[in-house]
Amino acid sequence: MVKIATWNVNSIKARLPNVLAWLTAAEPDVVLLQELKCQKEGFPRLEIEALGYHYAMVGQKSYNGVAVLSKQPLEDPLARLPGAEADEQARYLEVTTFGIRVASIYLPNGNPPDSEKYPYKLAWMERLRARAQALLASERPFALGGDYNVIPAAEDCYDPAAWADDALFLPDSRRQFHALLNLGLTEAFRALHPGLRAYSYWDYQGAAWQADHGIRIDHVLLSPQAADRLVACAIDKSPRGEPKASDHTPVICELAA
DNA sequence: ATGGTTGCCTCGCAA
C-alpha cells in the first residue's frame, strides 16, 4: 500500500509545527505540498528529513513553491510544467517515487477574472492537459495532486451562487478541468465517494470553518494504471481545526502495492 | 455593510 497525500500548507515556515505533527500522526508515504512561500534555503529540510522523508522542492520568494516528500528516494525531477519556458512561477514539480510518477501542482488562482490572471490560469490548465496526455502515452501509473483552484461541480461548494463569478467556479475553469479528466484520468475522491459533500478549503474570513462554508479544490487525478490500484481516498479535516491552521486540509489516497 | 483573515517582510499584494 502506498499512501499519497496532498496539502496546500500556506507557508511551510508558518506551518512547520502543524506539518510535522500531521506527518507523525498520519504517516503518509508520499506528500505533495503547495504554497511553500519560500526559496530553497528557507525550506526546513532538517526537520522534514528527521521524520524519515526524502524531499524535492521548487521554491520562490514569498509566493507559490511546491514540494514532494517521500519515504523512498525521488528520481527524475521535472521542476516546471512544459510549454512556457519563460514562466518563472514555482507551481509544478514532478518526480518518480515508489514506482509512481507524481506531480505536486499549484494551479493559478485566476482572480480577478477580468485581469490577465484568468487567461494565465486557463493557459496553464491547457499546458497541464498536454503534459497529462504525454504521461498517459507512457501507460505507467501516475498521480497529479495538488491545489487545482477549481471547484469541479456545484456539490463541491457550500453555496454555488456565492462563487458563480469566481475564477475557481467559472464555466471555462470547470470545462478545462473536465477536459483534463476526459483524457482518461480518475479524480480519486469523487470516484470513490459519488455525491458526498466534502470540502478541502475554508476561507480564513467570516468564520467559514466554523460555519462549514467550504469548497473542494484540492484533488488527486490518477492515470488508469494508478486508478486500478485505488483503494481509498479521504479528506482529513482535523488539521484545519488546529491552532494556526492552513486554510486547506490534506487529501489522502491509498494505492494497492 | 465594498466589510473581513492570513502570510509575506512592505508600508500593498495575493489568496
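The chains referred to below are lettered A, B, ... by the order of the sequence lines, with proteins before strands, and numbering in each begins at 1.
The nearest whole Å value for the distance from the CD atom in A/Gln205 to the C1' atom in B/dG7 is 13 Å. Remark: P of B/dA15 and NZ of A/Lys37 are 9 Å apart, rounded to the nearest angstrom. Rounded to whole Å, the distance from NZ on A/Lys13 to P on B/dC8 is 7 Å. Note: CG (A/Asp203) to P (B/dT6) measures 10 Å, nearest angstrom. Here B/dT6 presents its P atom at 16 Å from CH2 of A/Trp202, a figure rounded to the nearest Å. Rounding to whole angstrom units, OH of residue A/Tyr63 and C1' of B/dG12 are separated by 8 Å. One atom, CD1 of A/Ile215, and another, P of B/dA15, lie 13 Å apart when rounded to the nearest Å. Put simply, CD on A/Glu116 is 13 Å from P on B/dC13, counting in whole angstrom units.
With rounding to the nearest 0.5 angstrom, the SG atom of A/Cys233 is 7.5 Å from the CD atom of A/Glu187.
Atom P of B/dC9 sits at a distance of 22 Å from the matching atom of B/dT5, rounded to the whole Å. Taking the P atom of each, B/dC11 and B/dA1 are spaced 33 Å apart, rounded to whole Å. Rounded to a whole angstrom, the distance from the P atom of B/dG4 to that of B/dC8 is 22 Å.
At B/dA14, one or more side-chain N or O atoms of A/Lys117 fall inside 4.0 Å of OP1 or OP2 (strictly under the cut-off). Residue A/Arg15 has no polar side-chain atom (N or O) positioned under 4.0 Å from OP1 or OP2 of B/dT6. The side chain of A/Ser62 contributes no N or O atom lying less than 4.0 Å from OP1 or OP2 of B/dC13.
A/Val251 and A/Ile217 fall into different hydrophobic clusters, where Ile, Leu, Val, Met, Phe, Trp and Tyr side chains are chained together by heavy-atom contacts under 4.5 Å.
Where A/Tyr204 and A/Asn8 each meet DNA chain B at their nearest nucleotide, the meeting point lying more 5' is that of A/Tyr204. If A/Asn111 and A/Leu36 are placed on DNA chain B by their nearest nucleotide, the residue sitting closer to the 5' end is A/Leu36.
One finds a salt bridge joining A/Glu155 and A/Arg190 here, because a Lys/Arg side-chain nitrogen approaches an Asp/Glu carboxylate oxygen to under 4.0 Å. Residues A/Arg80 and A/Glu85 are paired through a salt bridge, judged by an N-O separation under 4.0 Å between the basic side chain and the carboxylate.
Counting non-hydrogen atoms of neighbouring residues, nucleotides and ligands closer than 6.0 angstrom, the NZ atom of A/Lys61 reaches no more than 12 such neighbours.
A/Tyr106 comes within 4.0 angstrom of sugar-phosphate atoms only, judged by non-hydrogen atoms across all strands, and of no base.
With B/dG7, B/dC9, B/dA15 as the candidates, the nucleotide lying closest to the side chain of A/Lys61 is B/dC9.
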